[in-house]
Amino acid sequence: MITNILLLALPLVVAYLAATVWHRRFKQFANFPQLKPSLLWGHLKLIHEYTLKGPPDVHYDPVFATMAKELGNPPVMFLDLRPASYPMVLVNSHEVAEQVTRASKMFAWSTPKSPTMGALVRLIGPESVLMKEKENWKQLRKRFNPGFAPQHLMTLLPCILDKTDIFMEHLDRLASSGEEFSMLKHTINLTFDIIGAITMDVDFDAQKSESSSQGEFIRLYDQLLKMYGQEDSRFPWWMSPMREWRRYTLSNQIDRLLETMIRAKHTQQQQQHTTNGSSKAKKPRDVLSLSLQGSDSLSRALLTETRDQIKTFLFAGHDTTGILLAWLFYEFSRSPHVLQAVRAELDELFGPDAGPAAVRARLLAPGGEELINRMRYATAVVKEVLRVYPPAGTARMAPPGSGFTVTAGGRSYCLDGAIIYNCATIIQRDRAVFGETADDFVPERWLGDKAGIMSAGAEEESEKRDEAGRTFPPGAWRPFERGPRNCIGQDLATIEARVIVAAVARRYDFVKVGLGELDLNEKGQPVENDKGQYKVKAEMYNTAQVTAKPVDAMRMKVRLRA
Ligand code: HEM
Ligand SMILES: *[C@@H]1O[C@H](CO)[C@@H](O)[C@H](O)[C@H]1NC(C)=O
Ligand SMILES: *[C@@H]1O[C@H](CO)[C@@H](O)[C@H](O)[C@H]1NC(C)=O
């Protein structure tokens with residue numbers, strides 16, 4: 001049976017390979033900067049060889065970075081992934097990245113997303129705002145924008161603080177036992193709890209597994225995410241049907257749980273609507289309520305659409321933010337002057353009492369929100385973590401034949417039909433922008449940057465902020481990507497991170513174990529290198545699981561500060 005299929009398919013395969021080879025030699029990308037491809041395997045073989053030079057599970061970004069360096073860091077680099085995937089253009093320069101993500105005559109809401117996004121369909125759903133295009137996307141984005149306006153986000157502070165308290169209960173316990181634990185698992189449960197409360201107005205209690213009412217949901221989600229590891233994502237679905245089947249069944253189970261929650265919410269909304277009538281009661285702005293707003297009946301289409309947005313927000317909203325926090329605590333463990341400066345700033349802004357209750361009281365008192373914006377140094381730290389360890393990126397594709405062209409260094413490149421990958425890891429470590437210290441963790445570089453922290457969720461707002469005086473070209477820092485399809489949750493993520501830093505930084509010392517462990521001298525003392533960081537025995541690195549995750553899930557110990 002199998003042999004029959006193979007025999008039947010053989011002429012097709014031969015024809016396909018012949019066409020590929022012909023394309024390679026004569027077509028569109030032949031003159032792009034690139035390492036020498038093999039005629040049959042394009043750059044796949046080279047990528048494999050470069051991967052073998054580092055840890056086997058290293059994220060593809062550093063591998064691409066090494067390859068680009070070999071070519072002298074051209075603004076774009078061509079990678080021929082045929083026959084495994086589409087040809088790809090790696091974007092290494094912020095000027096080109098901006099041309100890809102800004103609104104243009106050809107694409108009113110920037111270059112369309114790459115079809116490779118389809119691989120995530122079980123995780124975020126086919127109707128996801130992350131994947132939709134044009135008017136369909138615009139309508140969804142408009143609907144959810146009010147839920148991410150800065151003034152509204154500040155009303156979420158009590159919720160963020162409650163969840164941070166539970167996180168600290170865990171850290172207190174781990175500090176007194178002195179045991180080793182995975183920081184990433186804890187930060188991801190924390191951010192999951194927060195995003196659950198914010199998207200659906202439900203308490204996931206991820207951090208209290210015993211009492212977790214939604215434990216089933218989180219367990220399913222965790223299992224589903226595990227099906228997206230680096231090994232699992234190397235091949236298309238038809239080459240590993242069992243993996244795809246598993247993703248499918250897990251996703252279905254999650255869908256059913258979510259649909260039950262959505263129905264319950266809809267019923268509740270209807271009831272409130274009838275009892276409260278047109279009262280001026282504040283409208284809820286959680287994603288779920290926004291999605292159902294103004295719909296009296298819950299049609300199948302609305303149920304599916306709402307479910308997929310919830311899946312998207314739950315996924316996009318917790319994983320990345322958990323990673324940001326894990327790397328942040330890692331930097332606290334090995335950058336003594338950074339931790340010291342963060343603490344000094346907190347002493348100044350929040351007063352000398354570092355206890356959780358005092359921090360909470362200050363943040364919830366009138367003017368408390370302002371404190372978050374005044375955490376200038378901590379803001380710079382968050383910004384620098386996202387520069388050096390960007391958790392996510394964007395992949396786009398202009399339709400073949402559209403003639404979508406970018407320019408760089410006086411040359412133009414027609415990119416249509418290729419996956420266009422804005423490689424944040426490379427762009428954000430550009431020596432032409434960040435100088436000799438491009439690879440180093442130096443939060444201070446952001447202190448003079450008048451643009452403050454982030455560009456806001458609303459696009460008009462972010463355009464305005466771009467006008468402000470900046471030390472660096474705005475497009476050189478793009479962990480949330482830029483343009484109309486930028487991250488809707490960026491302000492939420494950075495507010496969360498700063499609140500958590502305010503609560504945690506003065507309470508604990510962080511100690512990395514395993515990779516990234518401090519290299520102590522004979523007296524048992526850490527040794528500073530010339531960059532003001534402690535020497536570590538072996539460097540940490542990122543691995544790929546949809547997003548870029550610290551390889552050992554950030555194994556650490558914490559100590560309560562004396
Ligand atoms: C440190 C944390 C975060 C990082 C680094 C990050 C990064 C990104 C990036 C790079 C994109 C563009 C993706 C693409 O083009 O395919 C994006 C989009 C998005 N993010 Fe985030 N994100 C973070 C936090 C959040 C949070 C907290 C939420 C939700 C509450 C969120 C929700 C979304 C959504 C819905 C989109 C799609 C927006 C659209 O297409 O209109 N993200 N994010
Ligand atoms: C995270 O949450 C899940 C689900 O509630 C739980 O099973 C797991 O033990 C939690 N992990 C940590 C490190 O708290
Ligand atoms: C009105 O709405 C609020 C929540 O928005 C709810 O707590 C309350 O029970 C509703 N009914 C009345 C009669 O106020």
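Computed from a predicted structure; not experimentally measured. Just follow the structure's listing: the first ligand is 1, and inside any ligand the first atom is 1.
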Just wondering, more than 12 heavy atoms not from [X] lying within 6.0 Å of its [atom1]?
X	atom1	result
R143	CZ	yes
R507	CZ	yes
K265	NZ	yes

Using heavy-atom distances, let me know which of [options] sits nearest [atom].
atom	options	value
atom 2 (C) of ligand 1	D319, T320, V129	T320
atom 13 (C) of ligand 1	P390, G322, G393, A392	G393
atom 25 (C) of ligand 1	A493, A316, G147	A316
atom 39 (C) of ligand 1	E133, K132, M131, R141	R141

Output for pair (D416 CG, T405 OG1), nearest 0.5 Å, gives 7.0 Å
If the cut-off is 4.0 Å to any non-hydrogen atom of [X], which atoms of ligand 1 fall inside it?
X	answer
T394	14 (C), 15 (O), 16 (O)
F148	30 (C)
L130	13 (C), 16 (O), 37 (C)
P391	5 (C)
I488	32 (C), 33 (C), 34 (C), 35 (C)
I195	30 (C)

Donor-acceptor under 3.5 Å ([X] side chain, [Y] main chain):
X	Y	answer
E331	W327	no
T312	I124	yes
R559	D509	no
Q139	N136	no

For ligand 2 and N189, I'd like to know whether there is a polar contact (N/O to N/O, distance under 3.5 Å). yes
Donor-acceptor side-chain pairing of S110 and R396 below 3.5 angstrom: yes
Which is it for H318 and ligand 1 at heavy atoms under 4.0 Å: side chain, backbone, both or neither? neither
Check P479 against ligand 1 and report side chain, backbone, both or neither, counting heavy atoms closer than 4.0 Å. backbone
Nearest protein heavy-atom contact for [atom]: which residue, which atom, what distance?
atom	result
atom 17 (C) of ligand 1	C487 CB, 3.5 Å
atom 40 (O) of ligand 1	R485 NE, 3.0 Å
atom 6 (C) of ligand 1	F480 CD2, 3.6 Å
atom 26 (C) of ligand 1	G317 CA, 3.4 Å
atom 16 (O) of ligand 1	K113 NZ, 3.1 Å

Heteroatom proximity flag, [X] to ligand 1, N/O under 3.5 Å:
X	answer
W137	yes
E496	no
N486	no

Cation-pi between R334 and F441: NZ/CZ under 6.0 Å from ring centre and within 45° of the ring axis? no
So, do F192 and Y221 have ring centers that fall under 6.0 Å from each other? yes
Parallel, tilted or perpendicular for F332 and F510, by the 30°/60° rule? tilted
With under 30° as parallel and over 60° as perpendicular, where do the rings of F313 and F148 fit, or are they tilted in between? parallel
Going through the distances and angles, do T164 and R360 end up as a side-chain contact (heavy atoms from CB on, under 4.5 Å)? CA-CA 10 Å; T164 309; R360 182 190 187 90; over 6 Å; no
So for H186, does at least one of its heavy atoms come nearer than 4.0 angstrom to any atom of ligand 2? yes
Measuring from non-hydrogen atoms of F144 to any atom of ligand 1, is the shortest distance under 4.0 Å? no
